[in-house]
Amino acid sequence: MSERLNGKTAIVTGAASGIGSAIAELFAAEGARLALLDINGAACDALAARLHHETQPCLALQADVTDAERMKNCVAETEARLGPADILINCAGVNVFHDPLTLSDEAWQRCLAVNLHGPLNGIRAVLPGMLARRYGNIVNIASVHGHKIIPGTFPYPVAKHGLIGLTRSLGVEYAAQGIRINSVSPGLIMTPAARAWLESCPDPQAEQQRQRDILPCKRIGEPVEVAYTALFLASDEARFINAADIVMDGGRSQIYHD
Ligand code: NAI
């Protein structure tokens, strides 16, 4: 195994499940010191215990990304225990799908709070240190929902469009000070959240088959595939890529007509 993140400290939010866990595992294998943040503290503890080595520590921090003060404290604790944060991966997110007319204010606010304000909280927590060191790589996990509209998924696409806007605007804002901010927009990736959505469909097996069939590559994505894209963007290999978004959906979003 190569060590593309050797000597780097990375903070990963939403690390207890799905894509965030896959990123944590890959980053650990690539030599990063890690702080795993998630609202699910127990699952985070279990993953951190598995990835921790004396020479390459892995820290678990229970945190809600919507709590700006807690995010600042987590970054302070990470930097005290692991060294300066070089990388932030904003992966924590939730599916919020409602009929626009009956959507409650609480559900709208929760959708924006976790999927959009959460990444901003993470960025504002790491930025002062990154700016002082003139070095930092931030990757936001956005979605194809940030590019195309799938009927019946409101208001999740609003937040993901906003997250791509956040990536572009802040990427430009801090580019001259050594900070890169990029995003990844996955299509359907088989994670616990995706499985829960499939299970909520009237015929989960048929829906899974339909999802496979509409993709040019005829298969659903895997969390590790998103992790490899995040790894590239977070590494110095991508040092001239900034304020960009990489769509990874097996080519689906290029189709106009089936
Ligand atoms: P998941 O539900 O398996 O994992 C999400 C993790 O985020 C969980 O561990 C959860 O506890 C954590 N989390 C949720 N709210 C939080 C909060 N307020 N504070 C801290 N942690 C919180 O979901 P999955 O599928 O791995 O999604 C990860 C990211 O990828 C999300 O941002 C999602 O929107 C995005 N995404 C997922 C796709 C998919 O098909 N699975 C496709 C495109 C984007």
Side-chain angles (χ1 to χ4, degrees), residues 11-26 35-48 60-71 73-75 88-97 106-107 109-122 125 139-148 150 153 155-164 166-167 183-201 207-208 211-212 214-215 219-227 229-230 245-250 252-253:
I11 297 172
V12 182
T13 76
S17 176
I19 294 169
S21 291
I23 290 173
E25 299 223 15
L26 183 62
L36 310 184
L37 273 59
D38 204 288
I39 203 163
N40 183 345
C44 229
D45 286 344
L47 182 59
L61 297 169
Q62 203 264 338
D64 182 337
V65 294
T66 67
D67 181 343
E69 276 312 301
R70 177 66 186 140
M71 292 302 285
N73 291 338
C74 286
V75 171
L88 168 67
I89 308 293
N90 278 314
C91 187
V94 282
N95 286 339
V96 181
F97 303 156
E106 289 72 23
Q109 279 151 11
R110 177 168 171 263
C111 181
L112 294 183
V114 179
N115 294 315
L116 182 55
H117 204 148
L120 177 64
N121 287 336
V139 180
N140 298 319
I141 307 302
S143 172
V144 288
H145 288 264
H147 296 265
K148 303 279 171 178
I150 302 172
T153 63
Y156 180 77
V158 179
K160 292 296 187 180
H161 273 73
L163 185 53
I164 293 170
L166 185 77
T167 303
S183 56
V184 179
S185 283
L188 185 62
I189 306 294
M190 196 48 82
T191 66
R195 264 187 223 104
W197 168 73
L198 279 170
E199 287 306 318
S200 75
C201 296
E207 183 58 30
Q208 190 163 335
Q211 290 293 332
R212 274 194 216 106
I214 61 174
L215 293 166
R219 69 174 180 84
I220 292 169
E222 295 169 19
V224 70
E225 293 170 325
V226 183
T229 307
D245 180 83
I246 296 181
V247 175
M248 42 179 310
D249 65 349
R252 167 69 194 170
S253 57

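Index from 1, following the sequence. Just follow the structure's listing: the first ligand is 1, and inside any ligand the first atom is 1. Given the structure is predicted, the values throughout are model-derived calculations rather than measurements.
The distance criterion of under 3.5 Å between nitrogen or oxygen atoms is met by Val65 with respect to ligand 1. Polar contact with ligand 1: absent for Leu188 (N/O pair, distance under 3.5 Å). Considering backbone and side-chain N/O atoms, Ser17 comes within less than 3.5 Å of an N/O atom of ligand 1. In terms of N/O distances under 3.5 Å, ligand 1 is approached by Ile39. Between Asn40 and ligand 1, a contact under 3.5 Å exists for no N or O pair. Every N/O-N/O distance between Gly20 and ligand 1 stays at or above 3.5 Å. Some N or O of Ile19 is nearer than 3.5 Å to an N or O of ligand 1, by distance alone. Between Tyr156 and ligand 1, at least one pair of N/O atoms sits closer than 3.5 Å. Residue-to-ligand polar distances keep Ser143 apart from ligand 1: every N/O pair is separated by 3.5 Å or more.
Ligand 1 is approached by Ala142 to a heavy-atom distance shorter than 4.0 Å. At least one heavy atom of Gly187 sits under 4.0 Å from some atom of ligand 1. Ligand 1 does not have Gly118 within reach: every non-hydrogen atom of the residue lies 4.0 Å or more from it. Look at Lys160 and you'll find a heavy atom under 4.0 Å from some atom of ligand 1.
Heavy-atom proximity to atom 9 (O) of ligand 1, evaluated over Val94, Val184, Asp38, is greatest for Asp38. Counting heavy atoms only, Thr191 comes closest to atom 25 (O) of ligand 1 of the residues Thr13, Ile23, Thr191.
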Might you work through the side-chain contact (heavy atoms from CB on, under 4.5 Å) test for Asn121 and Val65, ending with a clear yes or no?
CA-CA 7 Å; Asn121 287 336; Val65 294; 5.8 Å; no
Test log, rule side-chain contact (heavy atoms from CB on, under 4.5 Å), inputs Asn40 and Ser17
CA-CA 9 Å; Asn40 183 345; Ser17 176; over 6 Å; no
Under the side-chain contact (heavy atoms from CB on, under 4.5 Å) criterion, do Met248 and Val226 qualify, and how do the steps go?
CA-CA 8 Å; Met248 42 179 310; Val226 183; 4.1 Å; yes
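The protein non-hydrogen atom at the shortest distance from atom 2 (O) of ligand 1 is Ala193 CB, 3.4 Å. When only non-hydrogen protein atoms are considered, atom 5 (C) of ligand 1 lies nearest to Gly93 O, 4.0 Å. Nearest protein heavy-atom neighbour of atom 43 (C) of ligand 1: Pro186 O, 3.3 Å. Nearest protein neighbour of atom 40 (O) of ligand 1, counting heavy atoms only, is Ile189 N, 2.8 Å. Among all protein heavy atoms, the one lying closest to atom 7 (O) of ligand 1 is Gly14 CA, 3.5 Å.
With contacts defined as side-chain heavy-atom distances shorter than 4.5 Å, the pair Gln62/Ile39 qualifies. The shortest distance between side-chain heavy atoms of Leu47 and Glu25 falls below 4.5 Å. Using a 4.5 Å heavy-atom threshold, the side chains of Thr167 and Asp245 count as separate. In this structure, the side chains of Ile141 and Ile23 come closer than 4.5 Å at one or more pairs of heavy atoms. By the 4.5 Å heavy-atom criterion applied to side chains, Val96 and Pro155 are counted as neighbours. Here the side chains of Gln211 and Ile214 are in contact, with some heavy-atom distance below 4.5 Å.
Residue contact check: Gly18 has heavy atoms under 4.0 Å from atoms 3 (O), 26 (O) of ligand 1. Taking every non-hydrogen atom of Cys91 and a distance limit under 4.0 Å, the qualifying atoms of ligand 1 come out as 28 (C), 29 (C), 31 (C), 32 (O). Near Ala63, the atoms of ligand 1 lying under 4.0 angstrom from a non-hydrogen atom of the residue are 19 (N), 20 (C).
If you look at Ser185 next to ligand 1, there are no close heavy atoms at all, none under 4.0 Å. Both the backbone and the side chain of Asp64 come within contact range of ligand 1, each with a heavy atom under 4.0 Å.
Asp249 and His147 share no side-chain donor-acceptor pair at under 3.5 Å.
Checked by atom type and distance alone, the side chain of Thr13 pairs as donor or acceptor with a backbone atom of Ala92 at under 3.5 Å. A donor-acceptor pair is defined here as one N or O able to donate and one able to accept, closer than 3.5 Å; no such pair exists between the side chain of Ser143 and the backbone of Gly146. Remark: side-chain polar atoms of Asn115 are paired, donor with acceptor, to backbone N or O of Val94 under 3.5 angstrom. Not one N or O on the side chain of Asn140 forms a donor-acceptor pair closer than 3.5 Å with the backbone of Ser183.
His145 and Phe97 have parallel rings, their planes meeting at less than 30° on a 0 to 90° scale where 60° marks the start of perpendicular.
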